[in-house]
Amino acid sequence: MPGEQGAGRSGARLHRAVDLEAACRALGLEVSEDQKSRLLRYRDLLAEWSRKVDLVAPAGPEEVLRAHILDSLLLLVMADPAPAAWVVDVGSGAGLPGVVWAVARPDLWVVMLEPRRKRAAFVERVVLELGLRNAQAEPLRAEQAAKQARYARQFQMAVCRALGTPEQVARLARGLVRPAGRVVVPVGPQRPVRPPFQELQRPVPWERGKVRRVAVLLV
């Protein structure tokens with residue numbers, strides 16, 4: 001029947017199903033049951049709150065898991081922060097990737113900068129609800145945080161998932177990152193990565209043929 005054929009074609013365009021445990025195995029990440037539960041709770045909060053607050057594009061739990069949680073885990077593996085590193089998430093939005101990194105790597109100290117009040121309030125709630133003792137949300141711009149002694153040049157790594165070009169992010173993050181620290185910015189498939197940035201690439205295990213690209217700058 002035409003309707004059934006259309007449904008088949010539509011289904012063929014969908015991503016194949018992937019679960020959190022399988023994705024972590026593919027990335028070589030060891031996560032406990034408690035960590036997985038926190039990540040899935042964060043997924044649910046993102047899906048629920050995005051229906052009423054502009055956090056991420058409205059989507060079901062499966063797509064939120066794939067597009068945001070798993071992508072943040074992939075970025076964590078690619079960035080590979082040093083043990084016990086201080087990480088600043090610049091323009092964190094709904095807490096991405098900062099919340100995911102804080103859950104998956106409890107040795108890190110993660111500060112999420114998000115000047116938009118509603119989004120910052122959401123991240124603050126997530127930090128409390130998930131019981132993250134190694135994460136903090138700050139309703140500040142990077143320029144404002146860099147003028148505070150507790151944040152100026154205090155971080156070994158700055159990450160920014162969706163704020164601007166690598167060059168723009170580097171300008172914002174320079175006042176926050178220590179000498180010999182790194183700025184990590186994921187980039188789309190068409191954006192060139194120019195020196196002094198270096199490019200990292202890694203296949204996306206759950207999306208056949210897709211490669212994630214990251215621009216890295218040593219400060």
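- Ion pairing between Asp71 and Arg212 holds under the 4.0 Å rule for side-chain N and carboxylate O.
- Across all their heavy atoms, Phe155 and Val87 have their closest contact at CD2-C, 3.5 Å.
- Summarising the geometry, atom CG belonging to Leu45 is positioned 10.0 Å from atom CG belonging to Leu55; distances are rounded to the nearest 0.5 Å.
- Among residues two or more places apart in sequence or in another chain, the side-chain contact (heavy atoms from CB on, under 4.5 Å) test is passed with Gln35 by Val31, Ser32, Val103, Pro106.
- Looking at Gln148, its side chain never comes within 3.5 Å of a backbone N or O of Ala145 through a donor-acceptor pair.
- For the pair Gln156 (side chain) and Trp86 (backbone), a donor-acceptor distance under 3.5 Å is present.
- Within a 6.0 Å radius of CZ in Arg153, other residues, nucleotides and ligands contribute more than 12 heavy atoms.
- With hydrogens and angles disregarded, a donor-acceptor distance shorter than 3.5 Å links the side chain of Asn134 to the backbone of Ala102.
- Using a distance-only test at 3.5 Å, with no hydrogens or angles considered, a donor-acceptor pair links the side chain of Arg38 to the main chain of Leu130.
- We find that Glu143 and Lys147 are not joined by a salt bridge, their nearest charged nitrogen and carboxylate oxygen being 4.0 Å or further apart.
- Looking only at distances, a side-chain donor or acceptor of Trp101 sits under 3.5 Å from a matching main-chain atom of Ser72.
- Panel note: side chain Arg213, backbone Gln201; no donor-acceptor pair is recorded below 3.5 Å.
- For Arg202 (side chain) and Leu74 (main-chain N/O), no donor-acceptor pair under 3.5 Å exists by modelled atom type.
- In this structure, Leu140 is not a member of the same hydrophobic cluster as Val169, with clusters built from ILVMFWY side-chain heavy atoms closer than 4.5 Å.
- Residue Arg41 holds its CZ atom at 6.5 Å from CD of Glu48, rounded to the nearest 0.5 Å.
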| said: Before you tell me yes or no, could you show the steps for Asp89 and Arg161 under salt bridge (charged side-chain N to carboxylate O under 4.0 Å, His left out), namely the whole-Å CA-CA distance, both residues' side-chain angles and the distance that decides it to 0.1 Å? | reply: CA-CA 8 Å; Asp89 183 0; Arg161 188 168 175 263; over 6 Å; no
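- With hydrophobic clusters built from ILVMFWY side chains whose heavy atoms lie under 4.5 angstrom apart, Val88 does not share a cluster with Leu132.
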| task | Check step by step if salt bridge (charged side-chain N to carboxylate O under 4.0 Å, His left out) holds for Arg116 and Glu114. | result | CA-CA 6 Å; Arg116 290 164 290 189; Glu114 176 46 59; 2.7 Å; yes
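- Counting only residues at least two apart or on different chains, the side chain to side chain donor-acceptor pair (under 3.5 Å) pairs with a member in residues 168-197 are Thr165-Gln168.
- With 3.5 Å as the limit, one finds a donor-acceptor pair spanning the side chains of Tyr151 and Glu138.
- At a threshold of 4.5 Å between non-hydrogen side-chain atoms, the residues Arg43 and His68 do not count as touching.
- The cluster map of Ile, Leu, Val, Met, Phe, Trp and Tyr, joined by side-chain heavy atoms under 4.5 Å apart, puts Leu172 and Val110 in different clusters.
- Residues Leu27 and Met78 share a single hydrophobic cluster, defined by chaining ILVMFWY side chains whose heavy atoms lie under 4.5 Å apart.
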| message | Before you tell me yes or no, could you show the steps for Arg141 and Leu113 under side-chain contact (heavy atoms from CB on, under 4.5 Å), namely the whole-Å CA-CA distance, both residues' side-chain angles and the distance that decides it to 0.1 Å? | response | CA-CA 6 Å; Arg141 296 183 181 277; Leu113 302 179; over 6 Å; no
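- For the pair Tyr42 (side chain) and Ser37 (backbone), a donor-acceptor distance under 3.5 Å is absent.
- Put simply, the side chain of Val100 does not reach to within 4.5 Å of the side chain of Leu76, judged on heavy atoms.
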| request: Test Glu21 against Arg25 for salt bridge (charged side-chain N to carboxylate O under 4.0 Å, His left out), laying out the working first. | output: CA-CA 6 Å; Glu21 186 170 355; Arg25 284 199 304 269; 3.7 Å; yes
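- Here the straight-line distance linking atom CG of Leu70 with atom CG of Leu65 works out to 4.0 Å at 0.5 Å rounding.
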